[in-house]
Asker: 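Can you read through this structure? Questions will come right after.
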2 protein chains.
Amino acid sequence: MAERSRRRIAGAGRAEILTVARQLFMARGYRAVSTRDIAAAVGMTQPALYHHFSGKEALYVAVLEDELARRSAEMWEVARLEVSPSERLATIAERIATRSRHDLSQMFHDLRTEVSGGTRARIGAGFRDAMLRPMVVILDDMIARGAIGSPEVTGLSVPEMAMFVLGVIRMLTEVESGPARGRQRSPGEVGQITVRLVTLGLAESRTP
Amino acid sequence: MAERSRRRIAGAGRAEILTVARQLFMARGYRAVSTRDIAAAVGMTQPALYHHFSGKEALYVAVLEDELARRSAEMWEVARLEVSPSERLATIAERIATRSRHDLSQMFHDLRTEVSGGTRARIGAGFRDAMLRPMVVILDDMIARGAIGSPEVTGLSVPEMAMFVLGVIRMLTEVESGPARGRQRSPGEVGQITVRLVTLGLAESRTP
DNA sequence: GTCTATACTGAGATAGAC
DNA sequence: GTCTATCTCAGTATAGAC
């Protein structure tokens, strides 16, 4: 079970295709990954994929739904921990940072430009359920504790706050490769800095 | 000078091609725009583009450099206004929000995945000069005034803070189309909320 | 369920006439 | 400087044998 370049991945089937396709799509984006690339990585010929999936977009949808299901499970697990909401926020940021770098940016781009309207709506709804809802639960708890302000004082709805949090995490995990030429941070650091930026922004400190 | 569907844009040349290509590339991304699309929009045939540019990527580079030059001019203009740095920050956010929605996300994605390494390095450097440097000037002023903390207390270098600011603006201008289903905000609102999020995060208020 | 062979398409690029 | 015609390639997808 050592060589897997030419030889087939043991018992390759739908699950193995999904695993391989997920890695490729998340790393390089929908357009940049061909069905031949996927087939080669799995160890089968390109037409063989069509026995398992009706086409490239259908495979992509399956990959996204699989990916969202994994993330959803992880996020709800953290959202339900018996610690303060700020600690849960730090933990969730840490977990997201542990995953490979550009996943979410890649996904948003592909949803916007590469897939059909039906797929976009379907996966958009899945994203809300999988990633936004658990984050909203945490943020609601933070609002209740006074750690952050309500929508009235901040000017953002809670789902928008959740997008803000995801944006902060994205920034922290991408700076190493982006034009700011920042240094790579450990997931733990990402968690700490995320909480700081979300609760304080760049302010000197809470009560100067 | 009314019809421009079939007929040529008056005196079309390099400049007209750049204008049209910029709109298409910024709206739909590099891969999703074909050279035929561009030629058709300008009112010439596809091979005619090759008289003005050596290829698609060369045209894209020219578009990006043109776009960065415009943004740079605008950002330096704001960075030098004789008002407080927070007001300059609000104004810059407002200006960026006025431009069309996905420009920056699109650009980052294309730089990461669609162009050669040489182009990536070249445009990355241009981006630092055009967008990060003026923002860094403003943020330095804010640090000097105590409006925000230094890199030591925030854990972010100033260029990273600049990326954070751009991320906040991006979030505010994209929520309307993203999964959070937020409402469209006026550029003025984007400016106000940006300053708030950058200086306070989601905190209730500065001195509770 | 997987293969070989191949159809079909879109896209980037070149040749050469005008 | 722009056109028509065409090349070449990559990529998705299908047909049909095993």
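All chains are named by letter (A, B, ...) in the order of the sequence lines, taking the proteins before the strands, and each is independently numbered beginning at 1. As the structure is a computational prediction, the values presented were derived from the model and not from experiment.
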Asker: If I take atom CG in residue A:D37 and atom P in nucleotide D:dC9, what distance separates them, rounded to the nearest angstrom?
Answerer: 18 Å

Asker: Looking at every strand, decide which applies to A:S34 at a 4.0 Å heavy-atom threshold: base, sugar-phosphate, or nothing.
Answerer: sugar-phosphate

Asker: Check whether A:D110 reaches the backbone of A:G29 with its side chain - one donor and one acceptor, N or O, closer than 3.5 Å.
Answerer: no

Asker: Let me know the distance between NZ of A:K56 and C1' of D:dA10, rounded to the nearest Å.
Answerer: 11 Å

Asker: Mark yes or no: B:K56 above the aromatic ring of B:F25, with NZ or CZ under 6.0 Å from the six-membered ring centre and no more than 45 degrees from the axis.
Answerer: no

Asker: Specify the closest pair of heavy atoms between B:V198 and B:F164, including all atoms of both residues, with the distance to one decimal.
Answerer: CA-CE2, 4.1 Å

Asker: Provide, to the nearest angstrom, the distance between the OH atom belonging to A:Y30 and the C1' atom belonging to D:dG11.
Answerer: 11 Å

Asker: Hey, does the side-chain of B:R36 have a donor or acceptor N/O within less than 3.5 Å of a partner on the base of C:dG12?
Answerer: yes

Asker: Any side-chain N or O of B:T45 less than 4.0 Å from the OP1 or OP2 oxygen of D:dT2?
Answerer: no

Asker: Heavy atoms from C-beta onward define the side chain here; which of D:dA15, D:dT12, D:dT4 lies closest to that of A:P47?
Answerer: D:dA15

Asker: Does B:Q46 make a side-chain donor-acceptor contact with the base of C:dA11, cut-off 3.5 Å?
Answerer: no

Asker: I want to confirm an ordering. Mapping A:H52 and B:G55 to their closest nucleotides on DNA chain C, which one lands closer to the 5' end?
Answerer: A:H52

Asker: Atom CD1 of A:I38 and atom P of C:dT2: how far apart are they, to the nearest Å?
Answerer: 15 Å

Asker: How close or far is atom P of D:dG11 from atom CG of A:L59, stated in whole angstroms?
Answerer: 16 Å

Asker: Tell me, with the steps shown, if B:Y50 and B:T35 meet side-chain contact (heavy atoms from CB on, under 4.5 Å).
Answerer: CA-CA 10 Å; B:Y50 287 78; B:T35 54; 4.2 Å; yes

Asker: If only side-chain N and O atoms of B:T35 are considered, is one of them under 4.0 Å from the OP1 or OP2 phosphate oxygen of C:dG12?
Answerer: yes

Asker: In whole Å, I'd like the distance from the CZ atom of A:R31 to the C1' atom of C:dG12.
Answerer: 14 Å

Asker: Which nucleotide in the list D:dG1, C:dA5, C:dG12 gets nearest to the side chain of B:Y50?
Answerer: C:dG12

